[in-house]
There are 2 protein chains.
Amino acid sequence: MLDTTFDALPTDGALRRHAMERSGEGQAGSGRADSGRAGAVGFRPLYRQVYDTLLKRLADAVWQPGQVLPSEGQLAAELGVSQGTVRKALDALTADSLLVRRQGRGTFVADHDDKQSVFRFLKLRPDGDGTGMPTSRVTGIAEATASADERGRLDLVRSARVVRIERVRAVDATLCVVETISVPAGLFPGIAQIELPNTLYSLYATRYGITIATANERLKAVAIGPREAELLQVPAGTPALEIDRVAIDLEERPVEWRLSTCLTQDIHYLSVLR
Amino acid sequence: MLDTTFDALPTDGALRRHAMERSGEGQAGSGRADSGRAGAVGFRPLYRQVYDTLLKRLADAVWQPGQVLPSEGQLAAELGVSQGTVRKALDALTADSLLVRRQGRGTFVADHDDKQSVFRFLKLRPDGDGTGMPTSRVTGIAEATASADERGRLDLVRSARVVRIERVRAVDATLCVVETISVPAGLFPGIAQIELPNTLYSLYATRYGITIATANERLKAVAIGPREAELLQVPAGTPALEIDRVAIDLEERPVEWRLSTCLTQDIHYLSVLR
DNA sequence: TAGTGGTCTAGACCACTCC
DNA sequence: GAGTGGTCTAGACCACTAA
């Protein structure tokens, strides 16, 4: 069914799970390949399969960030489902921040680089007014064998190699963050030799085809260490906010570990609970 | 239209905005009362009006937490719209955590007291395993004239009265939080005389008809003050996570200010970014 | 077995954008 | 005016729950 490759216009009914099995003619072709409706096992709705199909194409970078997708009608015809079903899948992908829909224009691949998306994974905001736009300066970059922490966070084997990036960041020109970023060297070949942009996640997407889908952050209050104190020019022991982030990609792999130490004299971490 | 009171079965077509105006017969009755479709002003979809109508009923506590709503079909008939439109409104309310839908059973008003909802506004988790269930002990409660901070957070006038609650909390039996909660005295009459439950928000809902819809939290790392240090039995100056929360109700009023000071030796604040 | 929410379809029309 | 996403409807059937 939807798990297989697609012809331009598959045989009518190839995906009509409910409709076909109704009259007992549902066994033709790949009629009940993957959803296992016959037994008591999980039922997978059609729009979910469309979702997974489109997700895979996004993961495989079939469409680039910022690019427009085919229209709802075209996708529906190609996949052999109704427009409403495609719409439900597209809406879900939009809710997951992977697509952006614009009435009258089309459906686009979300771009980590645009103004709105910068703050999707950056929750540090200035206390006062200010835009909160971040800047960065790399203070060190090196490849090494993964530490125990890195292996645990990134789900790596014992001898795996990682690239470590240390940088300091400012919010509205106020220097306040030092962070160490670890990524598996195998996933990001040559990253140690590149001029790194301010928004790493757009680099991951465009150069390495790795799209960050979610990130889990664990926050603690700590006394700042000597290295961070020196870089941020404050006394060692100053209270600081430590953000321990693991970023997950579309294939649900942990692909980046980031440990940020933040001074919160003039900024705060914003969390909106719904 | 939907802004007025409802008859059991309103005149057919009362809400058919698109359908009626199509053939030029759309002026009958309250045909274009509130959406102003004629001009260039905002277009309000039907399901949005249904959403607002149901939201108002929830705010007015027409249905109590945990209670079941009428079925989709009944609501559709009552409001004079299609079942699909009602469904879209119900889905949106569910996405906003105000309703819970259970296939085969019905649609229920979300209950702040049940197991899942406890953690909607509590992001502190144990570092290790543990369930993270919180407990509380009130250490002080008093009514007073609102301070400048309280007036700012709760949008109060100069002479307004507030009730302040101080309590300590434990996560998995580890004492780690002291918090000061301020609420407008006028909104919560008699709250200073009640035995306070562990989950305050269910009390707000059931006793005062105030449903918390969202909360904005600002996090900082601070050196713990003497009062908090004494209550938590740690040295003054220990780094602590300070959570400054303003809770907003269904009518978008700020109704509670809560300042929590948390020791993060054995717990962390969990933030999931999507 | 009846009733509920969940899925899927088909078709019409509306709002918006761009040529 | 053509093309896109957005809304709304009507009706069928599926999955789940409880009596």
Reckon A:Arg102 touches a base, only the sugar-phosphate, or nothing at all at heavy-atom distances under 4.0 Å?
sugar-phosphate
Measuring from the side chain of A:Ser71 (C-beta onward, heavy atoms only), which nucleotide among C:dT9, D:dT7, D:dG5 has the closest atom?
D:dG5
Given C:dG6, D:dA15, D:dG5, which nucleotide is nearest the side-chain atoms of A:Arg87?
D:dG5
Does CG belonging to B:Asp60 count more than 12 external heavy atoms closer than 6.0 Å?
yes
If you compare all heavy atoms of A:Thr206 against all heavy atoms of A:Pro65, which two are closest, and at what distance to 0.1 Å?
CG2-CG, 4.4 Å
N/O (side chain, B:Thr85) to phosphate O (OP1/OP2, D:dT7) under 4.0 Å:
no
In whole Å, what is the span from the CD atom of A:Glu72 to the P atom of C:dC16?
17 Å
Starting at the 5' end of DNA chain C and moving along, which residue's nearest nucleotide shows up first, A:Gly104 or A:Val86?
A:Val86
For A:Tyr51 and C:dT7, give me the distance from atom OH to atom C1', rounded to whole Å.
18 Å
Without decimals, in angstroms, what is the distance between A:Leu90 CG and D:dT7 C1'?
16 Å
Roughly how many Å is it from OH in A:Tyr47 to P in C:dC8, rounded to a whole number?
7 Å
CD of B:Gln103 versus P of D:dA18: gap in Å, rounded?
12 Å
Any side-chain N or O of B:Lys88 below 4.0 angstrom from OP1/OP2 of D:dT7?
yes
With a cut-off of less than 4.0 Å, is there a side-chain N or O of B:Arg101 near OP1 or OP2 of C:dG6?
yes
Distance to the ring centre below 6.0 angstrom and angle to the axis at most 45 degrees; does that hold for B:Lys88 and B:Tyr47?
yes
Distance-only donor-acceptor test, A:Arg105 side-chain atoms vs D:dG5 base atoms, 3.5 Å:
no
Side-chain atoms of A:Asp91 come closest, of D:dT4, D:dG6, C:dA15, to D:dG6
Verify the contact: side-chain N or O of A:Thr107 to OP1 or OP2 of D:dG5, cut-off strictly under 4.0 Å; return yes or no.
yes
Whole-Å distance, B:Leu75 CG to C:dT4 C1', equals 12 Å
Quick check: does any side chain N or O of B:Arg102 sit under 3.5 Å from a backbone N or O of B:Thr107, one acting as donor and the other as acceptor?
no
Expressed in angstrom and rounded to an integer, what is the separation of B:Gln83 atom CD from D:dC13 atom C1'?
13 Å
I want to verify a distance call: between D:dT7, C:dT7, D:dT9, whose nearest atom is closest to the B:Ser82 side chain?
D:dT9
Inspect the contact between B:Asp52 and B:Arg48 and indicate whether a charged nitrogen and a carboxylate oxygen are less than 4.0 angstrom apart.
yes
Mind calculating the distance between CZ (B:Phe43) and P (C:dC16) to the nearest angstrom?
8 Å
Can you tell me if the side-chain N/O atoms of B:Gln74 get under 4.0 Å from OP1 or OP2 in C:dT4?
yes
